[in-house]
Amino acid sequence: GDTGSDGLQGPRGETGEPGVRGEDGARGDKGFQGGVGSKGDSGAPGAKGDKGDVGLQGPEGLNGQKGEGGSKGDKGNNGFSGLQGPRGPKGQPGAIGFSGEDGSKGEKGLAGSEGRPGPTGSKGDSGSPGVDGQNGERGEDGECSCQNKVVIHSLSPEVPSCPNGFAAEYTGYSFSFAYGYGFSLSQSLGDVGSCMATFNHRPFVACTGGQCDSNMRTGYSYWLSSGRPVTEEFNASDFISRCTVCNGLGQIKVVHSYTTSEPACPSGHGNSLWKGYSFAGNTGVSSSFGSHESFSDTGSCLPKFFDTLTVECSFAGAKKCRIHTSNRAFWLAAADSDHSFYGAGNPRTSRCNVCHGAALVPE
């Protein structure tokens, strides 16, 4: 019949016994060069070499230290005499000898010619004062050119007139002082500056660092009152005292009585310009600031007495003026008063008189 198909693979047989060692194979090809090996151990010292040739001469050595001094040698024999040396230089002059004896007196010489003038001598002492001369004759009476400007404050809405012999220069409003930034700027009521030609409730500006400010929040100006109560409809012509600056010749003197009686004018100043009450000064929003008057100045003699003398106007915002009762006026007390409190209708203050001297006075 036909050959059958291969049977299934049988299981693996057991391991056989080791075979016999084969013969050595042929020499293989040269392998690649190996890497550098590690350093080997140091070899044993070599044998001593032969003596070398003589070397070149070395550089000169440093100087040695100084040796110790030797012992003193024996004295030598005398040498031969030397040759004569050259002549030496001339010596210095000798000292001055002693004075000789005085000689006999010579004959009188001829007269010499006149010498030149000598230099100017120093200034001599001042002589004693001379006898007083006789009194000169009395000179003619001279004319006094005492030009005076007088400021008159009416303490009313009316413009005051100048007294006889004086001419009006201008009229205005009676200014006392201003306050701002902690400073007070005052004008004496006897000075022309106290009569401002126009009314301005903030008459000053404060300037610093290139800027000026007239709307100072804490700024106030103070003007003499006309005696009328200030209303909301403020008009300076009604409530601010008017003033006039007058110009004339002659001397002016202010006299205070220190009593409630009006004083008389002194001799030589018999013309009374006006009489009034002795005024010292006033304060405003701060009691440490205000104005003051010299009692020798015409501003210290006011024609009327007010217990509250000033009208206070604020710099801030729109025009706002009032009579503030905390503002104080100071008047010279009369020595004959009892210094007690009293009403404004019965002032116990010193009285005063502004007196004018004649224009013609003797020299």
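Just so it is clear, the model here is predicted, and its values are computed rather than measured.
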Could I get the full list of side-chain contact (heavy atoms from CB on, under 4.5 Å) partners for Ser188, not counting sequence neighbours?
Asp191, Glu293, Asp297

Below 4.5 Å, heavy atoms only, C-beta onward: do Cys355 and Pro266 meet side chain to side chain?
yes

Just jot down the side-chain contact (heavy atoms from CB on, under 4.5 Å) partners of Ala206, sequence neighbours excluded, or say none.
Tyr181, Met216

Tyr222 vs Val311 side-chain heavy atoms within contact, under 4.5 Å:
no

Can you confirm whether the side chains of Trp223 and Ser225 place a donor and an acceptor under 3.5 Å from each other?
no

Side chains of Pro263 and His256: closer than 4.5 Å at any heavy-atom pair?
no

Which other residues end up in the same hydrophobic cluster as Val151, if Ile, Leu, Val, Met, Phe, Trp and Tyr are linked when side-chain heavy atoms come under 4.5 Å apart?
Tyr170, Val192, Val245

Residues at least two apart in sequence or cross-chain that pass ring pair (Phe, Tyr, Trp, His ring centres under 6.0 Å) with Tyr220, listed by chain then number, are none

Can you list the steps and then say if Val150 with Asn247 is a side-chain contact (heavy atoms from CB on, under 4.5 Å)?
CA-CA 6 Å; Val150 178; Asn247 190 2; over 6 Å; no

Do we see a donor-acceptor contact under 3.5 Å between the side chains of Ser186 and Ser291?
no

Just so I know, are the side chains of Leu249 and Asn148 near enough to count as touching, which here means a heavy-atom distance under 4.5 Å?
no

Can you run down the salt bridge (Lys or Arg N to Asp or Glu O under 4.0 Å) pairs that involve residues 169-187, sequence neighbours left out, and say none if there aren't any?
Lys149-Glu169

Under a single-linkage rule joining Ile, Leu, Val, Met, Phe, Trp and Tyr whose side-chain heavy atoms are separated by less than 4.5 Å, which residues share a cluster with Phe295?
Tyr258, Leu332

Any side-chain heavy-atom pair of Phe315 and His201 under 4.5 Å:
no

